[in-house]
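Here's the structure we're looking at; comments come further down.
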Amino acid sequence: MENVDKSEEVLPNKPQVYIDFEPKLGIEFESDDSAINFYNEYARRIGFSTRKKYVNTNKKLGYVTSRKITCFKEGFRGDDKRRTQVKNPRRVTRIGCQAHVVITRQPSGKYRISKVDVEHNHSLLPPSIVHMLPSHRKINKVQAHEIDLAEDAGLMSKATFDFMSLQAGGRESLGYTTQDQKNYLRTKRQKAMKEGEAGALLKYFEKKRIEDPSFFFAVQLDVDDMITNIFWADSKMIMDYEIFGDVLSFDTT
């Protein structure tokens, strides 16, 4: 059987790279993302989290020329001038760990590990909890869909998180935290706002009209085609009006 030098193996560009060896000088990757996935997967398997320390890019062409990825306990936290005023200060996580890899782009376009240190100055975590470290936490597509459905149904964020934790068999098995869920929803809303407030609102109305046959909305424009008034009513509002005869109006001027 022919001997294969793993230090020269080229890893494919995949979302996750499953490996059976630690980072070594000379290992090459098809892309910058593959190198990041390689080191993060290695970190997950042995019990630590990663942090992207720096990246250098070719300013004209935009590609990454070199990058350093470190243990998340790398460096030290700077002095916080507010520390005497904070009741519950954040716990210290950065303790000067030197574990890292540096990858550099080669003339071939591949990326090679040019510097590496695998020694940590702290204990590594067991597999039962390592998935909750920052670089390994992730909201997958199925979870994202369920979070979206819960938000559309009007459920509070905490109730959604508690329910999904119960489904997963406990918070420790869910794979993300309440803050990750808040960040996901915030990013989603910010993306929607990029379309403009009016655009996002009209898109929402169109969605509601598909879901609710009784849903109705009307938009009044001024001479400059700017929205001046918006009216909408769903099936529940229509039933409530039949009983109570009230209309709720919002004046934003």
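Just the heavy atoms: all of them, side chains too, but no hydrogens, waters or symmetry mates, feed the values below. Position 1 is the first residue of the sequence; numbering continues from there.
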Salt bridge between Lys138 and Asp180, side-chain N to carboxylate O under 4.0 Å?
no

ILVMFWY clustering at 4.5 Å (side-chain atoms), partners of Val102:
Tyr54

Between [Y] and [X], do the side chains contain a donor N or O and an acceptor N or O under 3.5 Å apart?
{"X": "Asp148", "Y": "Tyr184", "value": "yes"}
{"X": "Thr160", "Y": "Gln181", "value": "no"}
{"X": "Thr65", "Y": "Asn58", "value": "no"}

For [X] against [Y], the heavy-atom pair lying closest together:
{"X": "Ile103", "Y": "Ile113", "answer": "CG2-CG1, 4.1 Å"}
{"X": "Pro23", "Y": "Val118", "answer": "O-CG1, 4.1 Å"}
{"X": "Ala43", "Y": "Thr50", "answer": "CB-CG2, 3.5 Å"}
{"X": "Ile139", "Y": "Ala144", "answer": "CG2-N, 3.7 Å"}
{"X": "Phe161", "Y": "Tyr176", "answer": "CE1-O, 3.7 Å"}
{"X": "Pro213", "Y": "Glu211", "answer": "CD-O, 3.8 Å"}

Do [X] and [Y] have side chains that approach each other closer than 4.5 Å (heavy atoms only, starting at C-beta)?
{"X": "His100", "Y": "Val116", "answer": "no"}
{"X": "Arg44", "Y": "Glu41", "answer": "yes"}
{"X": "Asn140", "Y": "Gln143", "answer": "yes"}
{"X": "Glu28", "Y": "Tyr111", "answer": "no"}
{"X": "Arg137", "Y": "Met132", "answer": "yes"}

Rounded to the nearest 0.5 Å, how far does [atom2] of [Y] lie from [atom1] of [X]?
{"X": "Ser214", "Y": "Arg209", "atom1": "OG", "atom2": "CZ", "answer": "12.5 Å"}
{"X": "Leu149", "Y": "Glu146", "atom1": "CG", "atom2": "CD", "answer": "7.5 Å"}
{"X": "Ile69", "Y": "Lys52", "atom1": "CD1", "atom2": "NZ", "answer": "8.0 Å"}
{"X": "Leu25", "Y": "Arg112", "atom1": "CG", "atom2": "CZ", "answer": "10.0 Å"}
{"X": "His131", "Y": "Leu174", "atom1": "NE2", "atom2": "CG", "answer": "8.5 Å"}
{"X": "Phe163", "Y": "Leu155", "atom1": "CZ", "atom2": "CG", "answer": "9.0 Å"}

Taking it one step at a time, do Thr104 and Gln106 satisfy side-chain contact (heavy atoms from CB on, under 4.5 Å)?
CA-CA 6 Å; Thr104 54; Gln106 304 302 302; 3.2 Å; yes

Backbone N or O of [Y] within a donor-acceptor pair of the [X] side chain at under 3.5 Å?
{"X": "Asp117", "Y": "Val101", "answer": "no"}
{"X": "Glu74", "Y": "Cys71", "answer": "no"}
{"X": "Asn40", "Y": "Ile36", "answer": "no"}

Determine whether Asn56 and Val64 satisfy the following criterion, side-chain contact (heavy atoms from CB on, under 4.5 Å), listing intermediate values before the conclusion.
CA-CA 6 Å; Asn56 295 314; Val64 172; over 6 Å; no

Checking Ser49 now: which residues fulfil side-chain contact (heavy atoms from CB on, under 4.5 Å) with it, not counting sequence neighbours?
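Listed in chain order: Phe72, Leu133, Pro134, Ser135.
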
In chain order, what residues pass the ring pair (Phe, Tyr, Trp, His ring centres under 6.0 Å) check against His120, with sequence neighbours excluded?
Phe48, His122

Mind checking ring pair (Phe, Tyr, Trp, His ring centres under 6.0 Å) for Phe217 and listing every partner two or more places apart, or none if nothing turns up?
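Expected list: Phe205.
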
Criterion side-chain contact (heavy atoms from CB on, under 4.5 Å) on Met164 and Ile147, from CA distance to verdict
CA-CA 9 Å; Met164 295 187 67; Ile147 293 172; 3.7 Å; yes

Inspect the surroundings of CD in Glu119 and state if more than 12 heavy atoms from other residues, nucleotides or ligands are less than 6.0 Å away.
no

Hphob cluster co-occupancy, Ile238 + Ile230, side-chain heavy atoms under 4.5 angstrom:
no

Would Phe29 end up clustered with Val55 when hydrophobic side chains under 4.5 Å apart are linked, directly or stepwise?
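Phe29 clusters together with Val55.
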
Side chain to side chain donor-acceptor pair (under 3.5 Å): pairs with one or both residues in residues 164-173, sequence neighbours excluded
Asp162-Arg171

Given Met237 and Trp232, is the side-chain contact (heavy atoms from CB on, under 4.5 Å) satisfied, shown in steps?
CA-CA 9 Å; Met237 292 177 182; Trp232 72 93; 3.5 Å; yes

Sort and list the pairs that fulfil salt bridge (Lys or Arg N to Asp or Glu O under 4.0 Å) and have at least one residue in residues 54-69, not counting sequence neighbours.
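Qualifying pairs, neighbours excluded: Asp32-Arg67.
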
